[in-house]
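Below you'll find the structure, written out as structure tokens, and then a few comments.
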Amino acid sequence: MENIIKKLLETHSLTVDEYEDLITNVNISDREVLRCEAVKLSKEIYGNEIYVRGLIEISNICKNNCYYCGIRAGNKNCERYRLTANDIYDCCKMGYDLGYRTFVLQGGEDLYYTDDLMAEIISNIRKKYPGCAITLSIGEKEKETYQKFFDAGANRYLLRHEAANKKYYETIHPKEMSYEHRMKCLLNLRDIGFQVGAGFMVGSPKQTNRDLAMDLKFIEEFKPEMCGIGPFIPHKDTIYRDEKAGSIDMVLLLLSIIRIINPHVLLPATTALGTIDKEGREKGVLHGANVIMPNLSPSDARKKYLLYDGKVSVNDVASEYKNNLDKLMESMGYKIAISRGDCKK
Ligand code: 5AD
């Protein structure tokens, strides 16, 4: 184990076998070594600044049927909503006034937002906030569409790869969804010039440490600018309702390893992490995360954008949340940055 950790710290790279060995056999003191190294790297590159992104959940209507997800098309119990362009602009305004300089437009794959409508929304936000970053997280599209969004002024795109092992990807997705297409999307986004975010869930049903080791190798090789990971959490209206949630310790370990593999990566302490542990965000930061994504969605949208059960912050008021977050991060020796928070690669 000592040799594997030494190799990881020196070369930022391991084989899949070594990643598997590492995450399977680390003891408590190894974890602490990794955690300290991750925090050190994050501070060397990003100082004590934590970047924030204003998250706008634009729609919970989705054409896909991912087995794990609460807003999958087949869920008849999900109360659907979508925001209008004006609703979205209102969220941006509120976010801007609170000091957010990145807006993340996230939603299910909702065909109501045609390419033209989306491009119009993006270019209106771009015109109004020339100094802000616009991040999209609206799923798989063809390359021309991504190009159109980029030309309209979007800068970043989050599309979790979900699983680097094709066999496991196919275990948690219906056959209409293609591993190859998802991977192709990530390559296309990069090719166009987006800052790209990949990522995966931890502890989803039947996932093995081998699968996670393959995710780590993928992150090492693809080097996304951002990497979103969080625990799997069951949702009552999915076939995984009785499965157990992913372990916080594994998420924290993987956050540290990802920071070490890819020191410049933007690494969020995700909402799912804050949901399985009330101090999840803090713990995330103390394991190498440097991004938090507060919710700017209107409160009834927030209550309906439920990918898993028990989601936190559905009742928070954006301004109060921001104040509390500022104080919390200060108490930990960090400060929330008022900036776009680009990747420093
Ligand atoms: N638990 C945790 N994360 C989930 N996601 C979807 N469903 C769940 C769940 N039940 C994640 C997926 C998706 C992102 C938006 O949320 O990885 O890409």
Side-chain angles (χ1 to χ4, degrees), residues 53 55-75 77-78 104-110 135-141 156-165 168-169 171-174 177-179 181-183 185-186 189 196-207 211-212 215 218-219 224 226-248 250-251 254-255 258 267-277 280-281 284 291 293 295 297 301-302 304-314:
R53 303 1 187 144
L55 179 64
I56 306 169
E57 296 154 333
I58 65 172
S59 168
N60 70 353
I61 297 172
C62 189
K63 69 177 173 60
N64 294 330
N65 240 317
C66 306
Y67 295 147
Y68 44 84
C69 185
I71 66 167
R72 73 201 165 78
N75 183 5
N77 294 327
C78 174
V104 182
L105 275 47
Q106 180 169 86
E109 293 196 17
D110 180 353
T135 304
L136 303 177
S137 178
I138 51 174
E140 296 178 39
K141 310 272 176 194
R156 308 184 186 136
Y157 206 103
L158 309 178
L159 183 73
R160 289 189 175 182
H161 66 283
E162 309 293 359
N165 180 359
Y168 184 61
Y169 182 93
T171 303
I172 57 173
H173 296 99
M177 292 188 68
S178 150
Y179 169 87
H181 190 258
R182 200 155 187 100
M183 289 296 180
C185 284
L186 286 167
L189 287 162
V196 181
F200 53 97
M201 292 179 291
V202 178
S204 35
K206 299 198 179 74
Q207 187 186 52
D211 296 323
L212 289 172
D215 288 320
F218 172 74
I219 295 300
M226 298 155 288
C227 182
I229 69 163
F232 160 76
I233 302 173
H235 185 287
K236 60 181 182 357
D237 298 319
T238 65
I239 54 167
Y240 296 147
R241 64 182 69 88
D242 296 323
E243 301 284 341
K244 59 178 193 315
S247 104
I248 178 151
M250 183 59 97
V251 177
L254 294 176
L255 283 172
I258 292 169
L267 202 53
T270 54
T271 308
L273 185 58
T275 295
I276 52 160
D277 184 314
R281 289 170 312 174
V291 174
M293 299 170 67
N295 201 314
S297 313
R302 236 185 257 200
K304 295 177 187 161
Y305 196 84
L306 298 177
L307 308 183
Y308 43 80
D309 293 334
K311 181 185 171 204
V312 285
S313 302
V314 288

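Remember, it's 1-based here, ligands and their atoms both numbered in the order they're listed.
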Worksheet item: Does the pair Arg182/Glu140 count as a salt bridge with the N-to-O cut at 4.0 Å?
Response: yes

Fill in: Value rounded to 0.5 Å, distance of NZ in Lys141 from OH in Tyr157
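Rounded to the nearest 0.5 Å, the NZ-OH separation comes to 6.0 Å.
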
Return the residue, atom name and 0.1 Å-rounded distance of the protein heavy atom closest to [atom].
atom	answer
atom 15 (C) of ligand 1	Leu307 CD1, 3.7 Å
atom 2 (C) of ligand 1	Pro231 O, 3.2 Å
atom 18 (O) of ligand 1	Glu162 OE2, 2.5 Å
atom 7 (N) of ligand 1	Tyr68 CD1, 3.3 Å
atom 5 (N) of ligand 1	Met201 SD, 3.8 Å
atom 11 (C) of ligand 1	Arg160 NH1, 3.6 Å

Worksheet item: Between Lys236 and Asn77, is any pair of side-chain heavy atoms under 4.5 Å apart?
Response: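 They are not in contact (no side-chain heavy atoms under 4.5 Å apart), so the answer is no.
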
Practice prompt. Just say parallel, tilted or perpendicular for the rings of Tyr179 and Tyr169, cut-offs at 30° and 60°.
Written response: perpendicular

Worksheet item: Donor-acceptor pair, Arg53 side chain versus Met293 backbone, under 3.5 Å?
Response: no

Worksheet item: Does the Ser247 side chain pair with the main chain of Met250, one donor and one acceptor, at a distance under 3.5 Å?
Response: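 Here the side-chain-to-backbone pair exists.
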
Discussion item. Below the 3.5 angstrom mark, is there an N/O of Ile233, backbone or side chain, next to an N/O of ligand 1?
Written reply: yes

Response to the item:
For Cys69, the ligand 1 atoms with a heavy-atom partner under 4.0 Å come out as 7 (N)

